Amino acid sequence: MTLAVDLVNRPLSGVSDLERRCAGVGFLLERPVGEDDVAAVGEFLRRWTRVVDAPDAPARAERLNPLLIEFSAAPRLTDHAGTGWHLHYRPDLLPAHRQVAALVSVGTALHLTGRGMDRLGRCAAHGCDRVYADFSRGGRQRYCSPACGNRDAVRRHRARAART
């Protein structure tokens with residue numbers, strides 16, 4: 001989920017950026033990355049943000065299920081590259097953009113079913129439309145960052161003070 005949020009909030013600048021950001025979260029890309037992968041990841045993320053922007057849980061599931069069907073496969077155990085046993089929800093040796101799409105689709109489904117269908121959204125701060133995945137204990141995250149939450153609290157405080 002953190003990779004998806006990062007890629008939406010800070011769009012890719014090219015091949016090396018995609019490689020660096022995947023490596024930064026420990027995501028091993030099995031095939032060389034090309035500019036076509038960068039473009040395809042951008043297109044996938046535009047589709048994925050429809051999941052983020054869904055008005056309720058049924059709509060969210062309705063928008064995520066086609067991504068799961070298109071990009072994921074039955075889970076299986078793997079220990080490729082000696083990285084330790086883990087589950088893959090995709091075939092091996094996919095192009096980089098399909099690997100990212102599978103990871104994000106399945107990761108989103110696991111996040112929403114494990115934490116709650118409302119644990120994905122857009123920042124509530126005025127003027128900010130960044131995406132967040134809510135990993136908070138209480139499930140009440142409304143902002144993409146503490147900075148946005150603080151700015152919004154100050155804005156609300158000043159608005160109340162101006163009315164009095």
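Since we're looking at a predicted model, the values are computed, not measured.
In this structure, Asp118 CG and Leu112 CG are separated by 8.5 Å, a value rounded to the nearest 0.5 Å. Taken from OG in Ser105 to CZ in Arg47, the straight-line distance is 8.0 Å, to the nearest 0.5 Å. A distance of 8.0 Å separates OG in Ser136 from CZ in Arg115, rounded to the nearest 0.5 Å. Note that CG of Asp79 and NE2 of His88 are 10.0 Å apart. Values are rounded to the nearest 0.5 Å. Atom CD of Glu19 sits about 11.0 Å away from atom CG of Leu12, to the nearest 0.5 Å. The OG1 atom of Thr78 sits 5.5 Å away from the CG atom of Asp92 when rounded to the nearest 0.5 Å.
Leu94 and Leu68 are not part of a single hydrophobic cluster, where members link through side-chain heavy atoms under 4.5 Å apart. Tyr143 and Val131 are assigned to two separate hydrophobic clusters, defined by single-linkage of ILVMFWY side chains at heavy-atom distances under 4.5 Å. Under the 4.5 Å side-chain contact rule for hydrophobic residues, Trp48 and Val25 share a cluster. Cluster membership for Ile69 and Leu110, using ILVMFWY side-chain heavy atoms within less than 4.5 angstrom, is not shared. Under the 4.5 Å side-chain heavy-atom criterion for Ile, Leu, Val, Met, Phe, Trp and Tyr, Leu3 and Phe44 are members of the same hydrophobic cluster.
Between the side chain of Arg63 and the backbone N or O of Arg50 there is at least one donor-acceptor pair closer than 3.5 Å. In this structure, Asp152 contributes its side chain and Cys148 its backbone to no donor-acceptor pair below 3.5 Å. A side-chain donor-acceptor contact under 3.5 Å links Gln99 to the backbone of Leu28. Distance alone, capped at 3.5 Å, is enough to place a donor-acceptor pair between the Asp134 side chain and the Gln141 backbone. Put simply, the side chain of Arg60 gets close to the backbone of Val52: a donor and an acceptor are under 3.5 Å apart.
When all heavy atoms of Ala133 and Met1 are compared, the closest pair comes out as CB-CE, 3.8 Å. A pairwise comparison of heavy atoms in Leu29 and Ala96 identifies CD2-CB, 4.1 Å as the closest pair. Here the closest heavy-atom approach between residue Leu93 and residue Glu30 is recorded as N-OE1, 2.7 Å.
Every pair passing ring pair (Phe, Tyr, Trp, His ring centres under 6.0 Å) that includes a residue from residues 101-131 is listed here, sequence neighbours excluded: His111-Phe135.
Counting non-hydrogen atoms of other residues, nucleotides and ligands closer than 6.0 Å to NE2 of His86 gives a total above 12.
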Only distances under 3.5 Å count here; give the side-chain donor-acceptor pairs of residues 34-42 to other protein atoms, sequence neighbours excluded, each with its distance to 0.1 Å.
unit_1 : atom_1 : unit_2 : atom_2 : d
Asp37  : OD1    : His97  : N      : 3.2
Asp37  : OD1    : His97  : ND1    : 2.7
Asp37  : OD2    : Gly34  : N      : 2.9

Exercise for the section: Please report the C-alpha distance between Arg10 and Asp17 in whole Å, then the side-chain angles of each, then the deciding distance to 0.1 Å, and finally whether the side-chain contact (heavy atoms from CB on, under 4.5 Å) criterion is met. Expected result: CA-CA 10 Å; Arg10 294 184 313 119; Asp17 190 28; 5.6 Å; no

Problem - Test side-chain contact (heavy atoms from CB on, under 4.5 Å) applied to Thr49 and Arg122, step by step - result: CA-CA 10 Å; Thr49 57; Arg122 296 251 182 203; 3.7 Å; yes

